[in-house]
Amino acid sequence: MKTLISLTALAVMAGFSVAAERTDLTLGMQLEPPHLDPTGAAAAAIDEVVYANIYEGLTRFGSDGAILPGLAESWEISEDGLTYTFKLREGVTFHGGQTMTAADVKFSLDRARGEDSTNAQKALFAGIASVEAADDATVVVTLTAPNGGLLFNLAWGDAVVVDESFTDAEKTQPNGTGPFRFLDWVQGDRIEIVRNPDYWGEAVALEAATFKFISDPTAAFAAMMAGDVDAFPVFPAPENLLQFEADPRFKVIVGNTEGETILSTNNKQPPFDNVKVREALAHAIDRQAIIDGAMFGYGTPIGTHFAPHNPAYKDLTANSAYDPALAKQLLAEAGFADGFTTTLKLPPPSYARRGGEIIAAQLRAVGIETEITNLEWAQWLEEVFRGKDYGLTIVSHTEPMDIGIYARPDYYFQYDDAVVQALMKGLDAMTDEADRTAVLQAVQERISSNYVNGYLFQLAKTGVADATINGLWENSPTQANDLTGVSWSE
């Protein structure tokens, strides 16, 4: 010890600095979450703070989209595919000090699938017949029919485990089992988390992290350049990326997301209950012009609700080829030769606000006038997602492989199709990948040919970070800023 002290003193005397490795991180986010309960709302910003950091599920997504063990260290599946027996990890405690047991898992899953559930993805749990705590470390989930996607479903942020004494107070004081604990929330500014010293797994490298909310793209650029923010995993101004690439202080991280960006259409509101009108809408849209104008070239055109990087993807963009003359013809055939007026309600993200102006101009060229309303997320969730009070909206569906929403007639775009519902029900019973691919492609074709929504582009993940930060996700297999593997280079 004396020798070490002497060496340090000599280094200082000789003019050398002994730099301590950084263990804190400030992460930029454009949107602030409405609360911090991932099982109680559809806002992606919730998961972007809490997924894998504060809350965990029985399974979880890896950075490559693989399904990994989470709070369940292992599981067994019965031969008939109806019973899943999960073995829970030992020594897991909630941040409030309570021991996590099978009773908490049962409570969480029963709460998610209950009649009064407010879970935005309640349909994920519809096939569960019962959840039983065989003992403190064993959970038995019984299904009504085999479901090859159960482990995938349980990895969603909507399926995290909460303590059985959960109250609404945890929306602002989350009590999870993850490697970080909630510290503070300064509304309108930031959320702070700190390393959990009692974490059951490997300790994370970061001692503290701050999620800084910066909605304005110009302010986001200034914050990165000034070093006030260390990383911005989804940078809101893609036009600045070339400037960051040219600066050795930064690295630009471009990857894939699960975000199908769509011109969502209220299928029950006239005139969008007419398939010819929806088809006209699809042909009035120049997708590449939207990608270039709103996203500065970042994004991949899509013709259905499925990620192009998924092996089961089918390219159906030709179904919605840009053809304004055909769009006008279809409108005339539908009885709207003189066009019509509808609402276009836009949430805060840049892709929606910027893309909305471009789409409004494209629709105007074929006779469709739009009344644009800019909404904050809470308003959008209330009016559009829950209230279904809209004609058109633009939103990116960032949940992983969520084509199953087209089998839910009560979902906000209100598409009721017995064929899709039957196909998705059949998919749940399949485990063979070739069979599942065939069904998934059939669903893609069905919703594309029915022009359920205007399919725009797959959202790219365009991030910026300090060049010495390691471990940030390149791709987004789910909506998350997973900090469990993040560290600074020495």
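At a threshold of 4.5 Å between non-hydrogen side-chain atoms, the residues Y455 and I285 do not count as touching. Y298 has its side chain within reach of L241: a pair of non-hydrogen atoms, C-beta onward, lies under 4.5 Å apart. Counting heavy atoms from C-beta outward, H95 and N175 have side chains that approach closer than 4.5 Å. The shortest distance between side-chain heavy atoms of N240 and L242 does not fall below 4.5 Å. Within the 4.5 Å cutoff, side-chain heavy atoms of F413 are placed close to those of I405.
The aromatic ring centres of F211 and F213 sit 6.0 Å or more apart. Aromatic ring centres of F61 and F152: separated by under 6.0 Å. If you look at F272 and F340, their ring centroids are closer than 6.0 Å.
Between R354 and E239 there is a salt bridge, since at least one side-chain N of the basic residue sits less than 4.0 Å from a carboxylate O of the acidic one. Between K345 and D389 there is a salt bridge, with a side-chain nitrogen of the basic residue lying less than 4.0 Å from a carboxylate oxygen of the acidic one. No salt bridge links K251 with D466; every basic N to acidic carboxylate O contact stays at or beyond 4.0 Å. The pair K461-E474 does not meet the salt-bridge criterion, since no charged nitrogen lies less than 4.0 angstrom from a carboxylate oxygen. In this structure, D482 pairs ionically with R60, as a charged nitrogen and a carboxylate oxygen lie closer than 4.0 Å. Between R446 and D417 there is a salt bridge, since a side-chain N of the basic residue sits under 4.0 Å from a carboxylate O of the acidic one.
Side-chain atoms of E32 and W185 include a donor-acceptor pair closer than 3.5 Å. Between the side chains of E258 and H309, at least one donor-acceptor pair of N or O atoms lies under 3.5 Å. Defined by atom type and a distance below 3.5 Å, a donor-acceptor pair is missing between the side-chain atoms of R408 and Q414. Side-chain contact annotation: W200 with E56, donor-acceptor N/O pair under 3.5 Å present. Checked by atom type, the side-chain pair T478/D47 shows no donor-acceptor distance below 3.5 Å. A donor-acceptor contact closer than 3.5 angstrom is absent between the side chains of T300 and Q458.
Using modelled atom types, one side-chain atom of E260 and one backbone atom of A307 make a donor-acceptor pair closer than 3.5 Å. In this structure, R195 contributes its side chain and V204 its backbone to a donor-acceptor pair below 3.5 Å. Using a distance-only test at 3.5 Å, with no hydrogens or angles considered, no donor-acceptor pair links the side chain of T370 to the main chain of I372. No donor-acceptor pair closer than 3.5 Å links the side chain of T177 to the backbone N or O of T93. When atom types are taken as modelled, the side chain of D416 and the backbone of P409 share no donor-acceptor pair closer than 3.5 angstrom. Of the possible polar contacts, one joining the Y451 side chain to the N319 backbone as a donor-acceptor pair under 3.5 Å is found. Checked by atom type and distance alone, the side chain of H397 never pairs as donor or acceptor with a backbone atom of I403 at under 3.5 Å. With N256 contributing its side chain and A460 its backbone, the two residues share no donor-acceptor pair below 3.5 Å. A distance-only check finds no donor-acceptor pair linking the side chain of T437 to the backbone of A312 [under 3.5 Å]. A donor-acceptor distance shorter than 3.5 angstrom exists from the side chain of Y351 to the backbone of S396, with no hydrogens or angles considered.
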Between T373 and L346, does the side chain to side chain contact (heavy atoms under 4.5 Å, CB included) criterion hold? Intermediate values first, please. CA-CA 6 Å; T373 306; L346 303 175; over 6 Å; no
Show the numbers, then the answer: is there a side chain to side chain contact (heavy atoms under 4.5 Å, CB included) between R22 and D24? CA-CA 6 Å; R22 279 193 61 180; D24 66 297; 3.1 Å; yes
Residues D228, K212; criterion salt bridge (Lys or Arg N to Asp or Glu O under 4.0 Å); working and verdict: CA-CA 9 Å; D228 297 331; K212 181 78 172 174; over 6 Å; no
As a quick check of understanding, evaluate side-chain hydrogen bond (donor to acceptor under 3.5 Å, both in side chains) for H305 and Y406, giving each step before the final call. CA-CA 9 Å; H305 196 113; Y406 288 81; 2.9 Å; yes
Would you please test E369 and T341 for side-chain hydrogen bond (donor to acceptor under 3.5 Å, both in side chains) and show each step? CA-CA 5 Å; E369 292 291 335; T341 299; over 6 Å; no
Could you give me the CA-CA distance, side-chain angles and deciding distance for Y390 and W380, then say whether side chain to side chain contact (heavy atoms under 4.5 Å, CB included) is met? CA-CA 10 Å; Y390 77 107; W380 188 91; over 6 Å; no
Does the side-chain hydrogen bond (donor to acceptor under 3.5 Å, both in side chains) test come out yes or no for T39 and D37, once each step is laid out? CA-CA 5 Å; T39 68; D37 173 15; 2.6 Å; yes
Could you walk me through whether F125 and N153 satisfy the side chain to side chain contact (heavy atoms under 4.5 Å, CB included) test, starting with their C-alpha distance in whole Å, then the side-chain angles of each, then the deciding distance to 0.1 Å, before giving a yes or no? CA-CA 8 Å; F125 315 100; N153 294 348; 5.9 Å; no
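By the neighbour-count criterion of 12 heavy atoms within 6.0 Å, atom CG of D410 is densely surrounded, having more than that number from other residues, nucleotides or ligands. The neighbour count for E202 CD, taken as heavy atoms of other residues, nucleotides or ligands under 6.0 Å away, does not exceed 12.
Taking CG from L109 and CG from L154, the interatomic distance works out to 6.5 Å, rounded to the nearest 0.5 Å. Rounding to the nearest 0.5 Å places CG of N310 at 7.5 Å from CG of L440. Remark: L472 CG to L483 CG distance equals 7.5 Å, nearest 0.5 Å. In this structure, I302 CD1 and Q444 CD are separated by 10.0 Å, a value rounded to the nearest 0.5 Å. The CG atom of L263 sits 5.0 Å away from atom CG of L392, with the distance rounded to the nearest 0.5 Å. The CG atom of D323 sits 7.0 Å away from atom NE2 of H283, with the distance rounded to the nearest 0.5 Å.
Of the candidates S449, S320, S448, S448 is the only one forming a side chain to side chain contact (heavy atoms under 4.5 Å, CB included) with T304. Exactly one residue among F244, F235, F250 makes a ring pair (Phe, Tyr, Trp, His ring centres under 6.0 Å) with F221. That residue is F244. The only member of N266, N267, N450, T265 that meets side chain to side chain donor-acceptor pair (under 3.5 Å) when paired with Y415 is N450.
Closest heavy-atom contact between T261 and L459: OG1-CB, 3.7 Å. Residue A155 comes nearest to T59 through the heavy atom pair N-OG1, 3.1 Å, listed as atom of the first residue, atom of the second, then distance. In terms of heavy-atom proximity, P347 sits nearest to T393 at CD-OG1, 3.9 Å. Scanning all heavy atoms of the two residues, the minimum distance from Q362 to I290 falls at OE1-CD1, 3.9 Å. Closest heavy-atom contact between D158 and N119: O-ND2, 2.9 Å.
Annotation: cation-pi geometry satisfied between R111 and F166 (NZ/CZ under 6.0 angstrom from ring centroid, within 45° of ring axis).
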